[in-house]
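A quick note: this is a predicted structure, and the numbers were derived from the prediction, not measured.
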Amino acid sequence: MNPAGLAAVGTPRQPSKRRVPVSQPGMADPHQLFDDTSSSQSRGYGAQRVPGGLGYPAASASPQGAFLADPVSNMAMAYGSSLAAQGKELVDKNIDRFIPVTKLKYYFAVDTMYVGKKLGLLVFPYLHQDWEVRYQQDTPVAPRFDVNAPDLYIPAMAFITYVLVAGLALGTQDRFSPDLLGLQASSALAWLTVEVLAILLSLYLITVNTDLSTIDLVAFLGYKYVGMIGGVLMGLLFGKIGYYLVLGWCCVSIFVFMIRTLRLKILAEAAAEGIPVRGARNQLRMYLTMAVAAAQPLLMYWLTFHLVR
């Protein structure tokens, strides 16, 4: 046998030595899948962290910051603010020209005591004596301080309630539909618009100098919805008899209320002198007052008779 072969068999085999690469301080571990970026000396991010900056890089001065710090930009911002303020003032003036917001605030200056007294005056106007509207420095006082002052709160709430009561009446008769309810509301608004336009045209034709404004007319003409609500509700509870009794009472009440209220507005000259002035113009004023007052019961019946069966 070959001595070399015996020596190879008898001698144990030494494991082979592999050379493991030693990572240098600036090199990443070859067995690591991702780079370690948690160190402040990581090469992935060139920016160093600022102490006390919550770990975010320091913000460098940008052109936008330099522009905002420029006095010219501050002047431009001030000019823009003044221009916006002028535009807002112009819009407010134009809105107030077409929609008198200041006047509307006066007509909604009411409280609970005023509403209670006004409703009582509309239903029982026979015992009320003083119908003059009080003034303070040539300006009428707010409605909450004078029960004779016109307001828009009661007419607006009464109109909405009237539409709801009409829907209830139609529902109890199995005739309710959104189209029919919308027709009921639109017809009531249309008749109110026709009344206001007719009165304004009549005042213009007979040349009456009065402080009765369009909003005053809407307020006075809108008070009839209170009696309409009472008539329809009584009709739902007690039938035709209750409807006619309550509506008849409310019609007479609104007639008296309109006569005593409008005579101080339309017949201002005769009321100031305290004696009837026998003249063609004053007779026309009296006829106009009577016509406006007589139209209220007719419209109250026309807008409610079909709701009670």
First locate atom CG of L104, then atom CG of L152, and finally report the distance between them rounded to the nearest 0.5 Å. 6.5 Å

For a quick test of your reading: what N or O donor-acceptor pairs under 3.5 Å do the side chains of residues 226-248 make, sequence neighbours left out?
from, atom 1, to, atom 2, distance (Å)
K240, NZ, V308, O, 3.0
Y243, OH, T304, OG1, 2.8
Y243, OH, F305, N, 3.3

Reported CG-to-OG distance for the pair D211 and S213, which is rounded to 0.5 angstrom: 8.0 Å

Is the ring centre of W249 less than 6.0 Å from the ring centre of Y126? yes

Kindly say whether F124 contributes a backbone atom to a donor-acceptor pair with the side chain of S253 at under 3.5 angstrom? no

Locate the shortest heavy-atom distance separating K117 from V147; write the atom from each residue and the value. CB-CG2, 3.8 Å

Does the pair I266 and R263 meet the rule for a side chain to side chain contact (heavy atoms under 4.5 Å, CB included), with working shown? CA-CA 5 Å; I266 300 178; R263 71 180 181 85; over 6 Å; no

Under the ring pair (Phe, Tyr, Trp, His ring centres under 6.0 Å) test, which residues partner H306, sequence neighbours left out? none

Heavy-atom closest pair (P297 atom, A293 atom, distance to 0.1 Å) is CD-O, 3.1 Å

Given the rule in the side-chain hydrogen bond (donor to acceptor under 3.5 Å, both in side chains) test, do Q184 and Y162 qualify, once you have shown the distances and angles that lead to the verdict? CA-CA 10 Å; Q184 190 74 24; Y162 160 72; 2.6 Å; yes

Residues L307 and Q173: closest non-hydrogen pair is O-NE2, 2.7 Å

L192 side, atom CG; Y225 side, atom OH - distance, nearest 0.5 Å: 4.5 Å

V133 and V256: same hydrophobic cluster, using ILVMFWY side-chain contacts below 4.5 Å? no

Linking Ile, Leu, Val, Met, Phe, Trp and Tyr by side-chain heavy atoms under 4.5 Å, what else ends up with L127? none

Closest non-hydrogen contact found for T210 with L203 is CG2-CD1, 4.4 Å

Kindly indicate whether the side chain of I160, heavy atoms from C-beta on, has any atom under 4.5 Å from the side chain of M157. yes

What's the spacing between C250 SG and Y301 OH if we round to 0.5 Å? 15.5 Å

Report, as yes or no, whether the 6.0 Å neighbourhood of atom CH2 on W191 holds more than 12 heavy atoms from other residues, nucleotides or ligands. no

Salt bridge (charged side-chain N to carboxylate O under 4.0 Å, His left out) involving D179 - partner list, sequence neighbours excluded: none

Starting from L197, walk the hydrophobic network (Ile, Leu, Val, Met, Phe, Trp, Tyr; side-chain heavy atoms closer than 4.5 Å) and list everyone else you reach, by chain and number. none

Under a side-chain separation threshold of 4.5 Å, the hydrophobic residues clustered together with Y204 are L201, L205

Among Y107, Y106, Y114, side-chain hydrogen bond (donor to acceptor under 3.5 Å, both in side chains) partner for D151: Y114

Spacing of CH2 belonging to W131 relative to CG belonging to L121, to within rounding of 0.5 Å: 4.0 Å

Quick one: closest heavy-atom pair of H128 and R260, and the distance? O-NH1, 3.4 Å

